[in-house]
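For reference, positions follow the sequence shown, starting with 1. Each ligand, and each atom within it, is numbered from 1 in the order the structure gives.
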Amino acid sequence: MKILVTGGAGFIGGNFVHYMVNKYPEDEIVNLDLLTYAGNLETLKPVEDKPNYRFVRGDIADRTFIFDLFEKEQFDVVINFAAESHVDRSITGPQIFVQTNVLGTTTLLDASRAFGVKRYHQVSTDEVYGDLPLDRPDLFFTEETPLHTSSPYSSSKASADLFVLAYHRTFGLPVTVSRCSNNYGPYQFPEKLIPLMIARALADEKLPVYGEGLNVRDWLHVYDHCVAIDLIVRNGKVGEVYNIGGHNERTNIEVVKTILKALGKPESLIEHVEDRKGHDRRYAIDPQKLENELGWKPVYTFDSGIPETIQWYLDNREWWEHIISGEYQDYFKEMYGEKLQ
Ligand code: NAD
Ligand code: TYD
């Protein structure tokens, strides 16, 4: 099989490329990535010389380029990770989220139709369901939960999901969609909560916690996400949505304190800053469909995955120190300048 993975120089796509290249030596994995600020070829170093792996630089929203590529390569499977993925950036600049997440997805869908792709998989997020109240721990997102987005990011992802499902209903394109909860693990860009807090704590810098820090996220190790996507692409039912999550809910303040404790740093580094606009309160996935239909079970709990992840950032300083030494400095000033005294 020839598989196109888009966004494979990013966090989850990069982990997925590692997983697939090693697990399926008989398959050909083509990684298409624009290498935006979030894309990093260093992440692909461990697989770049493998015979079943290739990298192509390009934009999923560039129609001419995408149609040429699909015509030349004749992919069997397309798995779309490529996206603008950070909620805070979508608040300061929503337009690129429409461009990449919506137009990019519809461009891939059109090319998949035109060149007879046998399976198109859309990597989506639980954020399309909006949020749950903090005082109702009995509520979870199921695949039937209505879409009810809060941020420009989640709105662009929900829009893309609707196009994917419409291309199945209208044109019979063989699609699946997965909606996963928050991921953590190796190679995550240090703008997201966990790597940001690790990097700043190690430098004895203040840790910016939005509001009270009582918002809840449902954390899944990226490895378990990769296994789930592989299962859905191979065995999932066409036209279906699958939620992915492992029941690992934590408040943000709990996560930050866990990181500080593991690194032996004082809680006095925590600085409560102005809350994110429209901040979703709680995400929590009901993964029963994936477990019952496809037999998926996560191997990590948050308690087993987080020490291993912290150790990875300690062992791979070069990977993230390289990132935070560049234009990232300007990003931090722009995002947190007024928030962090
Ligand atoms: P990321 O920001 O780390 O990586 C995104 C990658 O896409 C980067 O390599 C970037 O260069 C590439 N890219 C951006 N625009 C592109 C374009 N126009 N053409 C080609 N490539 C482009 O994101 P991530 O955290 O790895 O997320 C991957 C996917 O998983 C996204 O679709 C995201 O919505 C979804 N998701 C993320 C999480 C999470 O917790 N991070 C959870 C659930 C779902
Ligand atoms: P993030 O990693 O951006 O993921 P998402 O917004 O997609 O859930 O943020 C996770 C949680 O951490 C979210 O509730 C916002 C919060 N947060 C902070 O408190 N401080 C920060 O500096 C960041 C980046 C996030």
- Task: Salt-bridge test for Asp204 and Lys265: reply yes if a basic N is under 4.0 Å from a carboxylate O, no otherwise.
- Result: yes
- Task: Considering the heavy atoms of Ser124, write down every atom of ligand 1 situated less than 4.0 Å from one of them.
- Result: 43 (C), 44 (C)
- Going through the distances and angles, do Glu191 and Tyr37 end up as a side chain to side chain donor-acceptor pair (under 3.5 Å)? CA-CA 11 Å; Glu191 66 185 351; Tyr37 80 93; 2.8 Å; yes
- Note on the structure: Check: of Asp33, Thr43, Leu32, Asp59, min heavy-atom distance to atom 17 (C) of ligand 1 comes from Asp59
- State whether the shortest distance between N or O atoms of Ala82 and N or O atoms of ligand 1 falls below 3.5 angstrom. no
Could you list each nitrogen or oxygen of ligand 2 that sits under 3.5 Å from a protein nitrogen or oxygen, with the atom names and the distance?
unit_1   : atom_1 : unit_2 : atom_2 : d
ligand 2 : 2 (O)  : Leu193 : N      : 2.9
ligand 2 : 3 (O)  : Arg276 : NH2    : 3.0
ligand 2 : 4 (O)  : Asn182 : ND2    : 3.4
ligand 2 : 6 (O)  : Arg276 : NH1    : 2.5
ligand 2 : 6 (O)  : Arg276 : NH2    : 3.3
ligand 2 : 7 (O)  : Glu127 : OE2    : 2.5
ligand 2 : 8 (O)  : Asn182 : ND2    : 2.9
ligand 2 : 8 (O)  : Arg217 : NE     : 2.7
ligand 2 : 12 (O) : Asn252 : ND2    : 3.4
ligand 2 : 14 (O) : Arg217 : NH2    : 3.2
ligand 2 : 14 (O) : Asn252 : ND2    : 2.8
ligand 2 : 14 (O) : His279 : NE2    : 2.7
ligand 2 : 19 (O) : Tyr210 : N      : 2.9
ligand 2 : 20 (N) : Pro208 : O      : 2.8
ligand 2 : 22 (O) : Pro208 : O      : 3.3
ligand 2 : 22 (O) : Tyr336 : OH     : 2.6

- Task: Could you list the atoms of ligand 1 found under 4.0 angstrom from a heavy atom of Ser85?
- Result: 1 (P), 2 (O), 23 (O)
- Query: Can you find a side-chain donor-acceptor pair between Asn316 and Tyr313 that sits under 3.5 Å?
  - Reply: no
- Message: Can you tell me if Phe189 contacts ligand 1 (heavy atom of the residue under 4.0 Å from the ligand)?
- Response: no
- Message: Assess, by modelled atom type and distance only, whether the side chains of Tyr187 and Glu42 contain a donor and an acceptor separated by less than 3.5 Å.
- Response: no
- Nearest protein heavy-atom contact for atom 37 (C) of ligand 1: which residue, which atom, what distance? Ile12 CD1, 3.4 Å
- Message: Heavy-atom contact check, 4.0 Å cutoff: does Cys180 meet ligand 1?
- Response: yes
- Task: Compute whether any side-chain donor of one residue and acceptor of the other, for Ser159 and Ser156, lie under 3.5 angstrom apart.
- Result: no
- Of all the non-hydrogen atoms in the protein, which one sits nearest to atom 28 (C) of ligand 1, and at what distance? Phe81 O, 3.4 Å
- Message: If we only consider heavy atoms of Gly58, is any one of them less than 4.0 Å away from an atom in ligand 1?
- Response: yes
- Message: To check your reading of the model: name the closest protein heavy atom to atom 40 (O) of ligand 1, its residue, and the distance in Å.
- Response: Asn183 N, 2.9 Å
- Message: Just checking His148: does its NE2 atom have more than 12 heavy atoms from other residues, nucleotides or ligands closer to it than 6.0 angstrom?
- Response: no
- With a 3.5 Å cut-off and no angle check, do the side chains of Ser155 and Thr149 form a donor-acceptor pair? yes
- Query: Of the choices Ala83, Gly10, Gly185, which has the non-hydrogen atom that lies closest to atom 7 (O) of ligand 1?
  - Reply: Ala83
- Are Asp280 and Ser150 close enough that a side-chain donor and a side-chain acceptor fall under 3.5 Å? yes
- Task: Specify the protein heavy atom at minimum distance from atom 15 (N) of ligand 1: its residue, its atom name, and the distance to 0.1 Å.
- Result: Thr100 CG2, 3.5 Å
- Please confirm whether Glu84 comes within less than 3.5 Å of ligand 1 when only nitrogen or oxygen atoms on both sides are compared. no
- Query: Take atom CD in Glu212; do more than 12 heavy atoms of anything else shown fall under 6.0 Å from it?
  - Reply: no
- Do we see a donor-acceptor contact under 3.5 Å between the side chains of Tyr331 and Asp88? no
- Task: For atom 19 (N) of ligand 1, grab the closest protein heavy atom and report residue, atom and distance to one decimal in Å.
- Result: Ile60 N, 3.0 Å
- Query: Under 6.0 Å from the CD atom of Glu318, do we count more than 12 heavy atoms belonging to anything else shown?
  - Reply: no
- Task: Work out whether the distance between some heavy atom of Tyr153 and some atom of ligand 1 is less than 4.0 Å.
- Result: yes
- Task: Flag Tyr37 as yes when one of its N or O atoms lies below 3.5 Å from any N or O atom of ligand 1, and as no otherwise.
- Result: no
- Query: Strictly under 4.0 Å, does any heavy atom of Thr6 approach an atom of ligand 1?
  - Reply: no
- Task: Check whether any N or O atom of Ala61, backbone or side chain, sits under 3.5 Å from an N or O atom of ligand 1, and answer yes or no.
- Result: no
- Message: Among all protein heavy atoms in this structure, tell me which lies nearest to atom 21 (N) of ligand 1, with the distance rounded to 0.1 Å.
- Response: Leu34 N, 3.1 Å
- Query: How close does the nearest protein non-hydrogen atom get to atom 25 (O) of ligand 1, and which residue and atom is it?
  - Reply: Phe11 CD2, 3.7 Å
- N/O separation below 3.5 Å, Lys157 to ligand 1: yes
- Ligand-residue contact atoms, ligand 1 with Asn182, heavy atoms, under 4.0 Å: 40 (O)
- For atom 10 (C) of ligand 1, find the nearest protein heavy atom and state the residue, atom name and distance (0.1 Å precision). Thr36 OG1, 3.3 Å
- Message: If you count heavy atoms of other groups shown closer than 6.0 angstrom to CD of Glu205, is the number above 12?
- Response: yes
- Message: Between ligand 1 and Ser181, is the shortest N or O to N or O distance under 3.5 Å?
- Response: no
- So, Glu28 versus Asn52: side-chain donor-acceptor pair below 3.5 Å or not? no
- Message: Is it the case that the side chains of Lys50 and Asn22 hold a donor-acceptor pair, with the cut-off being a distance below 3.5 Å and no angle test?
- Response: yes
- Can Tyr129 and Asn243 be counted as having a side-chain donor-acceptor contact under 3.5 angstrom? yes
- Task: Could you verify whether a donor N or O on one side chain and an acceptor N or O on the other, from Glu127 and Tyr283, lie under 3.5 Å apart?
- Result: yes
- Query: Which atoms of ligand 1 are found less than 4.0 Å from any heavy atom of Gly7?
  - Reply: 6 (C), 7 (O)
- Pair Asp286, Thr142: side-chain N/O donor-acceptor within cut-off below 3.5 Å: no
- Message: Within the supplied structure, the quantity of interest is the number of heavy atoms (other residues, nucleotides, ligands) at a distance under 6.0 Å from Phe163 CZ; does it exceed 12?
- Response: no
- Any non-hydrogen atom of Gly14 lying under 4.0 Å from ligand 1? no
- Between Asp224 and Pro298, which heavy-atom pair has the shortest distance, and what is it? OD1-CA, 3.3 Å
- Any atoms of ligand 1 less than 4.0 Å from a non-hydrogen atom of Leu35? List them with their elements. 11 (O)
